[in-house]
There are 2 protein chains.
Amino acid sequence: MNDYEQDNAPPTGDSSRDALPPVTQHARQYETVRNAHETELIEDYVELIGDLIRHRGEARATDLASRMGVRQATVSKMVRRLNELGLVKSQPYRSLFLTEAGQSMAENSRARHDIVLQFLRALGVRDSTARIDAEGMEHHVSDETLAIMQRFIEENAK
Amino acid sequence: MNDYEQDNAPPTGDSSRDALPPVTQHARQYETVRNAHETELIEDYVELIGDLIRHRGEARATDLASRMGVRQATVSKMVRRLNELGLVKSQPYRSLFLTEAGQSMAENSRARHDIVLQFLRALGVRDSTARIDAEGMEHHVSDETLAIMQRFIEENAK
DNA sequence: TATAAAATATAGCAAAAGCTAACTAATTAC
DNA sequence: GTAATTAGTTAGCTTTTGCTATATTTTATA
């Protein structure tokens with residue numbers, strides 16, 4: 001039997017992970033992850049630029065590079081992309097600014113990030129671990145799950 | 001002030017996300033995420049091959065392609081990589097097998113995946129959403145957090 | 001069993017994100 | 001105010017993971 005045809009197979013009634021999901025749904029899961037990966041880096045940069053402006057007054061390429069753990073050349077290239085995407089406004093050799101769109105992306109990312117981080121802490125994860133996990137998980141948490149995390153935080157607040 | 005120097009700055013005493021983490025730690029967070037991305041796809045393939053063998057008796061490239069939502073050529077190329085990495089044993093035009101190493105990676109991934117999925121469900125996330133989120137989150141959850149999730153599942157089992 | 005269909009492989013292209021090296025601009029220090 | 005240092009840019013390379021198109025092999029069918 002071909003795997004394509006399995007989509008027509010009757011549901012097994014088994015709700016655990018033990019059964020493979022129908023092909024179409026399975027593929028959609030991986031597609032969602034791939035899509036997230038495409039926007040992930042963009043969001044991380046925009047979020048970081050926002051944070052730098054917020055906390056340090058300005059966002060310099062050098063600081064982006066050292067905080068991201070990459071070379072300046074990499075940042076330069078990325079900033080050009082962010083410009084093209086209309087997320088960042090910049091002039092050569094000057095520090096960076098977010099456009100309206102960039103600003104709202106930054107706020108959105110920061111909010112998600114905060115919720116995930118607080119959720120992990122509320123769950124009992126150590127701060128340094130929580131920060132690392134949050135950075136990775138942030139982009140893979142659906143709105144539905146995020147709302148549930150939010151509720152969890154409120155219920156478990158001291 | 002240069003951002004590099006900020007590493008020597010005294011901690012603000014503010015444990016919320018409101019403060020930027022020290023530069024070195026911040027960079028390590030992003031590095032961890034980048035590293036996860038490198039192994040992520042590999043693990044997904046190996047895990048899926050394991051699942052296919054388990055549930056369908058064999059793993060064919062076509063089925064990998066349809067379930068991953070990519071083209072067969074992409075799978076072919078990936079399988080060559082998995083071979084080089086010593087995770088998969090395969091002969092041209094034949095179905096795929098996992099090596100010892102591949103098998104243990106598959107088991108490990110499946111275990112992680114299961115815990116994350118069950119955790120999300122225990123938290124109250126709908127099944128279809130939980131599956132999507134788990135697929136993305138799986139690779140970004142530390143052992144520490146995983147253990148906590150495990151405990152949470154046990155405590156909240158009916 | 002010969003042929004059509006399905007599965008797999010290979011070649012070659014593209015985009016993304018990293019790198020180094022070499023160059024230019026801005027800032028700081030003297 | 002010039003020289004040295006720091007910051008930013010650009011060009012060109014590499015790896016990874018997609019893709020299409022084409023060739024080859026295996027399997028199924030008439």
Side-chain angles (χ1 to χ4, degrees), chain A residues 1-6 23 27 30-46 48-49 52 56-85 87-97 139, chain B residues 1-6 23 27 30-46 48-49 52 56-85 87-97 139:
Chain A
M1 172 173 69
N2 188 314
D3 209 351
Y4 284 107
E5 298 157 35
Q6 203 239 344
V23 180
Y30 290 113
E31 272 153 31
T32 305
V33 175
R34 280 197 299 274
N35 289 344
H37 283 165
E38 272 180 33
T39 46
E40 207 165 316
L41 236 208
I42 305 278
E43 284 174 14
D44 282 344
Y45 270 89
V46 168
L48 180 52
I49 292 170
L52 283 170
R56 321 295 300 285
E58 66 174 348
R60 318 288 323 246
T62 313
D63 298 337
L64 280 178
S66 58
R67 285 189 177 271
M68 278 285 173
V70 300
R71 297 304 183 145
Q72 287 192 1
T74 303
V75 169
S76 257
K77 197 184 276 191
M78 200 45 147
V79 166
R80 186 168 44 219
R81 256 193 94 200
L82 298 177
N83 255 293
E84 287 163 5
L85 292 170
L87 296 165
V88 154
K89 266 262 165 43
S90 71
Q91 290 182 309
Y93 297 100
R94 296 268 110 119
S95 66
L96 310 168
F97 299 91
H139 308 278
Chain B
M1 173 174 68
N2 189 316
D3 209 352
Y4 284 106
E5 297 158 37
Q6 205 238 342
V23 178
Y30 289 114
E31 271 152 32
T32 304
V33 175
R34 279 196 299 273
N35 289 344
H37 283 163
E38 272 180 34
T39 45
E40 207 166 317
L41 235 206
I42 305 278
E43 285 174 11
D44 282 344
Y45 270 89
V46 168
L48 180 52
I49 292 170
L52 283 170
R56 319 297 300 285
E58 67 174 348
R60 316 289 323 245
T62 312
D63 298 338
L64 279 179
S66 59
R67 286 191 175 269
M68 278 284 172
V70 300
R71 296 305 183 144
Q72 288 192 1
T74 303
V75 169
S76 257
K77 198 182 277 190
M78 199 47 144
V79 167
R80 186 167 45 217
R81 257 194 93 199
L82 298 177
N83 255 292
E84 286 162 7
L85 291 171
L87 296 165
V88 154
K89 266 262 164 46
S90 71
Q91 291 184 307
Y93 297 99
R94 298 265 110 118
S95 66
L96 310 168
F97 299 90
H139 308 279

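Throughout, a chain's letter reflects where its sequence line sits, starting with A, and its residues are numbered from 1. Atoms considered below: every heavy atom in the structure, side chains included; atoms not considered: hydrogens, waters and symmetry mates.
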- Item | 5' priority, DNA chain C, between A:P92 and A:L41 [closest heavy atom] | A:L41
- Query: Under a 4.5 Å cut-off applied to non-hydrogen side-chain atoms, are B:V70 and A:R34 in contact?
  - Reply: yes
- Looking only at side-chain N and O atoms, does B:R80 come under 4.0 Å of OP1 or OP2 in C:dT10? yes
- Query: So how far is it from A:R60 CZ to A:R94 CZ, rounded to the nearest 0.5 Å?
  - Reply: 8.0 Å
- Message: Nearest heavy atom decides the nucleotide; on that basis, is A:Y45 or A:R60 closer to the 5' end of DNA chain C?
- Response: A:Y45
- Rounded interatomic separation in angstrom, taking CD from A:E58 and P from D:dG8: 9 Å
- Drop me the distance from B:L48's CG to A:Y30's OH, to the nearest 0.5 angstrom. 4.5 Å
- Measure from the side-chain heavy atoms of A:A61 and tell me the nearest of C:dA17, D:dG8, C:dA21. D:dG8
- Message: From CD of B:E38 over to P of D:dT17, roughly how many Å is that when rounded to an integer?
- Response: 8 Å
- Spacing between A:R67 atom CZ and D:dA7 atom P, to the nearest angstrom: 14 Å
- Side-chain heavy atoms of B:L96 within contact of B:E58, under 4.5 Å: no
- Query: Where each residue is assigned the nucleotide of DNA chain D containing its nearest heavy atom, which of A:R34 and A:S95 is assigned the position nearer the 5′ end?
  - Reply: A:S95
- Task: Give the rounded distance in Å between these two atoms: CE of A:M78 and P of C:dC19.
- Result: 12 Å
- Can you tell me the distance, in whole Å, between the CD1 atom of B:I42 and the P atom of D:dG18? 10 Å
- Task: Check if the side chain of A:Y93 and the base of D:dT9 share a donor-acceptor pair of N or O atoms closer than 3.5 Å.
- Result: no
- Task: Dump the intermediate steps for side-chain contact (heavy atoms from CB on, under 4.5 Å) on B:M78 and B:L64, then the final yes or no.
- Result: CA-CA 11 Å; B:M78 199 47 144; B:L64 279 179; over 6 Å; no
- Nearest-angstrom distance from the residue atom CD of A:Q72 to C1' of C:dA22: 14 Å
- Message: For a quick test of reading the model: is some side-chain N or O of A:R71 closer than 4.0 Å to OP1 or OP2 of C:dT20?
- Response: yes
- Query: In whole angstrom, what separates B:N83's CG from C:dT10's P?
  - Reply: 11 Å
- Query: Is the phosphate of D:dG8, meaning OP1 or OP2, less than 4.0 Å from a side-chain N or O of A:T62?
  - Reply: yes
- Proximal nucleotide (of D:dC13, D:dT20, C:dA9) relative to the A:K77 side chain: D:dC13
- Item | Spacing between A:Y30 atom OH and D:dG18 atom P, to the nearest angstrom | 12 Å
- Presence of A:T74 side-chain N/O under 4.0 Å of C:dG18 phosphate oxygens OP1/OP2: no
- Query: If only side-chain N and O atoms of A:R94 are considered, is one of them under 4.0 Å from the OP1 or OP2 phosphate oxygen of C:dT27?
  - Reply: yes
